[in-house]
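To keep things clear, I will list the structure first and then write my remarks on it.
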Amino acid sequence: MTEVDVPPFRYTAALADQIERRWQDRWEREGAFHAPNPSGPLADPAHPRSGAEKLFVLDMFPYPSGAGLHVGHPLGYIGTDCFARYQRMAGRNVLHAMGFDAFGLPAEQYAVQTGTHPRTTTVANIDRYRAQLRRLGLAHDQRRSVATIDTDFYRWTQWIFLQIFDSWYDREAGRARPVSELIAEFAEGSRPTPDGRPWSGLSAAERRAVVDDHRLAYVSQAPVNWCPGLGTVLANEEVTADGRSERGNFPVFKRNLKQWMMRITAYGDRLLDDLDKLDWPEPIKLMQRNWIGRSHGAHVDFPTPVAAIRVFTTRPDTVFGATYMVLAPEHELVDTLVPSAWPAGTRQAWTGGHAGPREAVEAYRKAAAAKTDVERQAETKEKTGVFTGAYATNPVTGGQIPIFIADYVLAGYGTGAIMAVPAQDERDWEFAEVFELPIVRTVQPPEGFDGRAYTGDGPAVNSAAPERGLDLDGLSVAEAKARIIAWLEETGNGQGAVTYRLRDWLFSRQRYWGEPFPIVYDADGAAIALPEEMLPVELPEVDDFSPRTFDPQDADSDPETPLSRRRDWVEVELDLGDGPKRYTRETNVMPQWAGSCWYEMRYLDPTNGARFVDADNERYWMGPRGEGDCGGVDLYVGGAEHAVLHLLYARFWHKVLYDLGHVSSFEPFRRLFNQGYIQAYAYTDARGAYVPAEEVAERDGGWFLGDVQVNREYGKMGKSLKNVVTPDEMCAAYGADTFRVYEMSMGPLEVSRPWETRAVVGSYRFLQRVWRAVVDERTGESRVTDDPADEQTRRLLHKVIDGVRGDMEQIRFNTAIAKLIELTNGVTRLSATPREVAEPLVLMVAPFAPHIAEELWQRLGHPTSLTYADFPVADPALLVAETVTYPVQVNGKVRGRIEVPADAAEEAVRSAALNAVVGVLAGREPRKVIVVPARMVSVVL
RNA sequence: GCGGGAGUGGCGGAAUCGGCAGACGCGAUAGGUUUAGGUCCUAUUGUCCGAAAGGAUGUGGGGGUUCAAGUCCCCCCUCCCGCACCA
């Protein structure tokens, strides 16, 4: 491009860059986006929004990756920024800040690769992110930026951990309470101890064990997800359906290991029920509901010669149809149940070809354990299992039913044992067919039902045991359930029960780069909370911070925590109130999710050294807006991938803090909005290798790199796919404002869409036209006139103001921008731009393109930033059209048009319409004429 | 398999309450500006028939309700997401 023909005052990328940097500096200097707190050091009574209605806008804070940002990353941040800027102009006190989720696996892996300390790389990445985000003109309150790796921050993460550790869930009260109150109840005898002995009769160790069993954070020895490739254990939520780690895609194995758990299951009901209070996308709520997986049913005991087998069933009404039982292979009763020899008459098919039941069970267990989850899934069609040689008694029929083990029953759900009712359960039906087990219908299928298992509603049949005082016949499923549960409870054969799919949250990781636990162990190995004054427990420096990782397939390897190698840190002498003693520190660290469970609250009061957040400030920014309101962040924007992980964990922590009286809101995020993703095309050559996407051209219906035809695929943007486009490139080529407008205009924020660099120019042209509406690009002089606008332009302006306001409130930025383009196109035709249009146009453009808007606002004669300028308000009188054009349909097709005064009577519209289509009617008399006021006229012949 | 979401021009999308389908942008075509390309400006641009006027047709497919359906109802197809033997 030669400079010669570009008008000297045109809005070019170079000018945009100059304007943008100038305004970014000024905003920073003036603290333009500082939001005043009601109290504390961040209070500011002189602030234009002090005491105004508050609005807390939040982004899911990023993990600062070493790869930097691509154009997809800031989509949500720009969206919240446009929303926040609009709301500020609309009069609200808006809190919008950005922090960094900087602990976690990827930081550590990257550090391992580059050989530098995770803190060094993480801090450098954060700096780079900050610079990149600043370049986009995001209006964040910089004073409130926090990073989870700051000791000032994780000191409070540890503090909250201690609150959870020092709490138990009181089921009667339906909330968490301090452990001290539990001990007091035991001590005064108002709460019986588990084994009934008086509290005073328990040894110190026994008391501690009882209390530890109640804690919301506890150590357990249980099967966990061990991932040798990552050298750490993982939460259920971090393991994919095919048994691999969500991060790194390594195999995950079940191992019995001692680990920290969080009793999130205690909150199952509230996490489920409170979803109804939230303004969240329904799919996300549904995913949480499914993940929690509450099932109502009953526990039923089936006696056997050795011990009763307790099953969980959602269909206790079908117990008369229970013709066999199945235990998970790992079920604890299997070993005691199995006799030394097959009972007389055992069918060959049930034995798996083994001479005795012990061998058969042993072989089946071995085979099941050797299968990967993928293999298990592949074989789900074919039911396998083996007879244990034992029988149980059906408590309602008194019949003897065989007990099998089979891997279609999961150890981890319910009781790990089921009563099998093939007639009313498809899985049981399949198993019954394979093993030729009896099938007894206990629900009458409807006439003509030709399926196998019938799981629908219907009258109970074959379900009476008069000698036991039980008769379900004729009852519907719901009635029969109620009747049988009452019977089970009366006779002591079981009781109504609720189970959850949700498991307790595995909270420890065998890594370096995370929050240390504020926990030490005494000589007896008991976990002891460090007192608050000893926080933070700082992450110690180590020579080798990389965790020990293993052959990803080595299921028998054992985790080794990096912190355990620092013996001088692990072994510590402390005085915890009873004199100096030797203690051993916990060497696990917290999972990545810990910091994100509460970070939004630290934004509210980032400098507070006495509390994680001041109560006043929490109540102002997040408190309930009335009776029954859950409170929380007013708008939380982020990707749907956190549907169950982060969002469930954060809700759980928040509820614990609420129960303990530390916060006034009982949900952290009142409104959730899932932004879509920016996707991209990638191209591969004949060998399948990725080629640089920016060099590929489309022609003749194909894609070519030079003369070579290449394949197109659609998906993520990534370095290895050679299709990355960065915000920096876009800022350099067009300016940040153009980039922002493009991202907001390319579609609704919640929808994923492909990136198209060549389309960015459309937004560039739009801003150039806005610029030209105010500035003569040849002379640099103002093109704004103080003469009034013509009627048409004025009406257009007010229609646009009205529409844009509505769109902004509803987060429909793409249509808001379309309206602004219409308005701009409307004034570019004019020889001069009336001030009454130019000013509102600039103000309305400001949320999307804040830099150019500030610049033009200044050129319009305003010395101060437009951050707190009033967003334009439409004049209702100008929204009402003087005349209305009605399309006139005849038999559903538009045959004419009439223009009538807006206040024309219906009869007048009707006759004008008939008049307009008189030729089409050709003398025929309409059977019906429908006038829809202000819409259309429909004539039916 | 179960649950959820979505299918509209060459492309991204609009149509908010059942009321003129395709706003706005990209691309394409033509013209203006320019030495030229690019930029910028103007116009056209769903498809088919037609020189035009105009007509027909059109929102994944098939039925239906209605004066009127992208929108409501029934059946089917495709794609995306979640869960995955959860008793």
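First the proteins, then the strands, lettered A, B, ... as listed; each starts at 1.
Within 4.0 Å (heavy atoms only), R769(A) reaches sugar-phosphate atoms of the nucleic acid but no base atom. Contacts of M746(A) with the nucleic acid, taken as non-hydrogen atoms under 4.0 Å apart, involve only primed sugar atoms and P, OP1 or OP2. Nucleic acid contact for N891(A): none, since no nucleic acid atom lies under 4.0 Å from a heavy atom of the residue. Across all strands shown, R501(A) has heavy atoms under 4.0 Å from base atoms, whether or not it also approaches the sugar-phosphate.
Atom-to-atom, CZ of R765(A) to C1' of rU42(B) comes out at 13 Å; the value is rounded to the nearest Å. In this entry the distance linking CZ of R927(A) with P of rU66(B) reads 12 Å, nearest Å. Separating the CG atom of D807(A) from the P atom of rA15(B) is a distance of 8 Å, rounded to the nearest angstrom. The interatomic distance linking E750(A) (CD) with rC81(B) (P) rounds to 18 Å, in whole Å. The CD atom of Q424(A) sits 22 Å away from the P atom of rC85(B) (whole-angstrom rounding). Note: CD (Q768(A)) to P (rU39(B)) measures 11 Å, nearest angstrom.
Picking from rC67(B), rA56(B), rC24(B) the nucleotide with the shortest atom distance to the side chain of K893(A) gives rA56(B). Distance from the side chain of E756(A) is smallest for rC26(B) among the nucleotides rA14(B), rA87(B), rC26(B). You'll find that the side chain of Q889(A) is closest to rA68(B), out of rA68(B), rA87(B), rG4(B). Nearest to the side chain of I930(A), among rA15(B), rC20(B), rC67(B), sits rC67(B). Minimum atom distance to the side chain of V761(A) is reached by rC40(B), of the listed rC24(B), rC40(B), rC20(B). Nearest to the side-chain atoms of L410(A) among the listed nucleotides rA23(B), rC85(B), rG19(B) stands rC85(B). Ranking rA87(B), rG19(B), rA43(B) by closeness to the V409(A) side chain, first place goes to rA87(B). Among the nucleotides rU39(B), rA87(B), rA14(B), the one closest to the side chain of S295(A) is rA87(B). With distances taken from any side-chain atom of D407(A) to the nucleotides rC24(B), rC85(B), rG12(B), the minimum falls on rC85(B). Among the nucleotides rC24(B), rU16(B), rC20(B), the one closest to the side chain of A818(A) is rC24(B).
Side-chain contact check for T757(A) versus M730(A): some heavy-atom pair is nearer than 4.5 Å. At least one side-chain heavy atom of E750(A) sits less than 4.5 Å from a side-chain heavy atom of F673(A).
Ring to ring, F435(A) and Y324(A) are not that close: their centroids are 6.0 angstrom or more apart. Aromatic ring centroids of W429(A) and Y454(A) lie 6.0 Å or more apart. A ring-centre distance under 6.0 Å is not found for Y742(A) and Y734(A).
For rC40(B), the paired nucleotide is rG32(B), the pair qualifying as Watson-Crick or G-U wobble because both relevant distances are below 3.5 Å. When Watson-Crick and G-U wobble pairs are counted only if both distances are under 3.5 Å, rA68(B) pairs with no nucleotide at all. Nucleotide rG27(B): paired with rU45(B) (Watson-Crick or G-U wobble, both distances less than 3.5 Å). Across all strands shown, rA6(B) is found opposite rU78(B) as a Watson-Crick or G-U wobble partner, with both distances under 3.5 Å. If you check rG18(B) for Watson-Crick or wobble pairing at under 3.5 angstrom, you find it has no partner at all.
The closest side-chain donor-acceptor pair between T442(A) and Q424(A) falls under 3.5 angstrom. Residues D269(A) and Y500(A) bring a donor and an acceptor atom of their side chains to less than 3.5 Å of each other.
rC17(B) takes the syn form, because its glycosidic angle lies no more than 90° either side of 0. In rG9(B) the base sits syn relative to the sugar, since the glycosidic angle is no further than 90° from 0.
Put simply, the side chain of R897(A) and the base of rC20(B) share a donor and an acceptor less than 3.5 Å apart. Interface remark: the K819(A) side chain does not form any donor-acceptor pair with the rC24(B) base, using a distance-only criterion of under 3.5 Å.
Of the two residues near RNA chain B, T885(A) and R895(A), the one whose nearest nucleotide lies more 5' is T885(A). Toward the 5′ end of RNA chain B lies the nearest nucleotide of Y886(A), the other residue of the pair Y886(A) and G412(A) mapping further downstream.
Taking the C1' atom of each, rC24(B) and rG38(B) are spaced 25 Å apart, rounded to whole Å.
Note on R753(A): every side-chain N or O is 4.0 Å or more away from OP1 and OP2 of rC80(B).
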